[in-house]
Engineer: 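Below are the structure tokens for one structure; questions will follow.
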Protein chains: 2
Amino acid sequence: MSPYVQRFVMHIGEMGSRWGLNRTLGQMCGLLYVTPEPLNADEIAATLNISRSNVSMGLKELKTWRLVQPASVPGDRREYWTTPKDVWEVFRVLAEERRRREIDPTLSMLRDTLLDEPASAQDRYARERMQEMHDLVELLNNWVDEMNGLPPKTLIRLLKLGRKIKQLLDPRRSGKAPTKATRH
Amino acid sequence: MSPYVQRFVMHIGEMGSRWGLNRTLGQMCGLLYVTPEPLNADEIAATLNISRSNVSMGLKELKTWRLVQPASVPGDRREYWTTPKDVWEVFRVLAEERRRREIDPTLSMLRDTLLDEPASAQDRYARERMQEMHDLVELLNNWVDEMNGLPPKTLIRLLKLGRKIKQLLDPRRSGKAPTKATRH
DNA sequence: CAGACTTTTCAGGAATTGTTGAAATTAGAC
DNA sequence: GTCTAATTTCAACAATTCCTGAAAAGTCTG
């Protein structure tokens, strides 16, 4: 591994732990992402100086993250691995998986709990807070879904617009008919 | 702690570990969020069945996350604590802090590395991948900054629009700001 | 500044998470 | 089917993270 690549791989490894992966998983991802050809497990182990079994377990977990894809090399029985090379794809997958792990369980819990009757003033207060949290999470979730359905080019255009989007939105209440009478 | 509140607090605790906090930190946040009045450290320790010193360390870290605010109770020397009660505020703070911890360091690393000359074909390939990653992160970062500058109401309106925003983008649709004019 | 009360620090132990080599399993070639 | 190479599993060990009680450091009051 050249120093150039190493700097990147080691950094991604360090960040891995902040991203719900761990150092090794991060390093594996980083390495596969910046390596043009797919690598087999032994190559990964040798490059990162970790055991073969660690690589096996790492790949297993990375599969559940959909961050790693098998590739076969003709005439070689071993399995080769790589990551999606389109960074937008990586980002999308990462966002989806993180939502599945970090948001969805909480949304379920909130839904369940909100069905129960609060039994005291304290519970009623708690319920209000939970309702607000639920509504916010759901709003964001839906929005992400909608954005995901957009063609990438449109999405990029939107992102580049940034705050200017406000101008399209504001001057004469435009877009969807406001169902609630907000203000005149 | 009522079962109603307990369910919420325990869940947030479990999720805490997936959110860069840990179980205790999560529980503390959850408890303070759904409790109407600020609590002092002893109350937190007693409610969550953890040691007083653990609470002290937890509060220390939660302060660095800006998730916890001091509140003083007249005639009581002890410090009382709460979280912001506006869930949007919590969300905004959380997003900022996570970016600071999870994104910013990587952006720096990418900038630094991209200044270096790649020395081989492999390095040049790696550089391309890094450049793309850099550009994506920067685009998203800028966009988040822009959105943060928007008044909350506008932001909510945007989020609710979802994919329909696309219609506003399309120039052919109707020259200027395409108003559907459903106003009375 | 003494005394009472509160918060913070920190070294050591507990718990959790990560890593490994050896053994078991799987899959392909013959 | 056997033989061989590749992969996966798993129990034990290692490393890291978390939690605690005891002690130190603050802080307010008179």
Side-chain angles (χ1 to χ4, degrees), chain A residues 9-10 12-32 37-65 67-82 101-102, chain B residues 9-10 12-32 37-65 67-82 101-102:
Chain A
V9 171
M10 293 299 123
I12 299 296
E14 290 313 316
M15 298 311 281
S17 18
R18 304 190 186 182
W19 275 79
L21 310 172
N22 64 37
R23 190 158 0 95
T24 306
L25 255 42
Q27 288 178 358
M28 289 174 59
C29 275
L31 176 63
L32 293 177
E37 318 80 26
L39 299 176
N40 67 44
D42 287 311
E43 290 168 334
I44 297 173
T47 310
L48 299 178
N49 262 299
I50 58 180
S51 72
R52 178 64 184 72
S53 54
N54 202 356
V55 173
S56 179
M57 297 202 302
L59 286 170
K60 184 179 170 187
E61 179 148 8
L62 252 25
K63 278 179 243 169
T64 75
W65 279 86
L67 279 175
V68 98
Q69 302 169 337
S72 48
V73 167
D76 193 331
R77 225 160 91 187
R78 287 168 297 180
E79 192 107 44
Y80 283 74
W81 300 91
T82 188
R101 291 152 208 253
E102 300 180 359
Chain B
V9 171
M10 292 301 123
I12 299 296
E14 289 314 315
M15 298 311 281
S17 18
R18 303 190 186 181
W19 276 80
L21 309 174
N22 64 37
R23 187 155 8 91
T24 305
L25 255 42
Q27 289 178 357
M28 289 175 59
C29 275
L31 176 63
L32 293 177
E37 318 78 27
L39 299 176
N40 66 46
D42 288 311
E43 289 168 335
I44 297 172
T47 310
L48 299 178
N49 262 300
I50 58 179
S51 71
R52 178 64 184 73
S53 54
N54 202 356
V55 173
S56 180
M57 296 200 304
L59 287 171
K60 185 179 168 185
E61 179 148 8
L62 253 23
K63 277 179 245 171
T64 75
W65 279 86
L67 281 174
V68 98
Q69 301 168 337
S72 48
V73 167
D76 193 330
R77 223 160 93 187
R78 288 169 296 181
E79 194 108 41
Y80 284 73
W81 300 92
T82 189
R101 289 151 209 252
E102 299 180 1

Engineer: Could you check how far CD of A/Glu14 sits from P of C/dG18, rounded to whole Å?
Structural biologist: 13 Å
Engineer: C/dA14 P sits how many Å from B/Asn54 CG, rounded?
Structural biologist: 16 Å
Engineer: Which nucleotide wins on minimum distance to the side chain of B/Arg77, given the candidates C/dT20, C/dC5, C/dG18?
Structural biologist: C/dC5
Engineer: Compare all side-chain heavy atoms of A/Trp65 with those of A/Leu21 and state whether any distance is below 4.5 angstrom.
Structural biologist: yes
Engineer: Atom CD in A/Gln27, atom CE in A/Met10: separation rounded to 0.5 Å?
Structural biologist: 4.0 Å
Engineer: Whole angstroms only, please: what is the CG-P distance between A/Asn22 and C/dT17?
Structural biologist: 11 Å
Engineer: Grab the CE-C1' distance between A/Met57 and C/dT20 for me, whole Å please.
Structural biologist: 8 Å
Engineer: Just how far, in rounded Å, is P of C/dT19 from CD1 of A/Ile44?
Structural biologist: 14 Å
Engineer: Round to a whole Å and report the spacing from CZ of B/Arg52 to P of C/dT9.
Structural biologist: 12 Å
Engineer: Nearest 0.5 Å, what's the CG-CE distance between B/Asn22 and B/Met28?
Structural biologist: 9.5 Å
Engineer: Any side-chain heavy atom of A/Leu32 sitting closer than 4.5 Å to one from A/Ile44?
Structural biologist: yes
Engineer: Heavy atoms of chain B, cut-off under 4.0 Å: which first and last nucleotide of DNA chain D, 5' to 3', fall inside that, if you could look?
Structural biologist: D/dC18 to D/dC28
Engineer: Can you confirm whether A/Pro70 sits close enough to A/Tyr80 that some side-chain heavy atom of one is under 4.5 Å from a side-chain heavy atom of the other?
Structural biologist: no
Engineer: Name the residue closer to the 5' end of DNA chain D, choosing between A/Arg23 and A/Asp42 according to the nucleotide with the nearest heavy atom.
Structural biologist: A/Asp42
Engineer: Rounded to the nearest angstrom, tell me the gap between atom CG in A/Leu59 and atom P in C/dT19.
Structural biologist: 13 Å
Engineer: Got a second to check how far B/Glu61's CD is from B/Leu25's CG, nearest 0.5 Å?
Structural biologist: 5.0 Å
Engineer: Measure from the side-chain heavy atoms of A/Ser53 and tell me the nearest of C/dT19, C/dT9, C/dT20.
Structural biologist: C/dT20
Engineer: Please indicate whether A/Arg101 has more than 12 foreign heavy atoms, meaning atoms of other residues, nucleotides or ligands, lying under 6.0 Å from its CZ.
Structural biologist: yes
Engineer: When the nearest nucleotide of DNA chain D is assigned to A/Lys60 and to A/Asp76 on a heavy-atom basis, which residue is associated with the more 5' position?
Structural biologist: A/Asp76
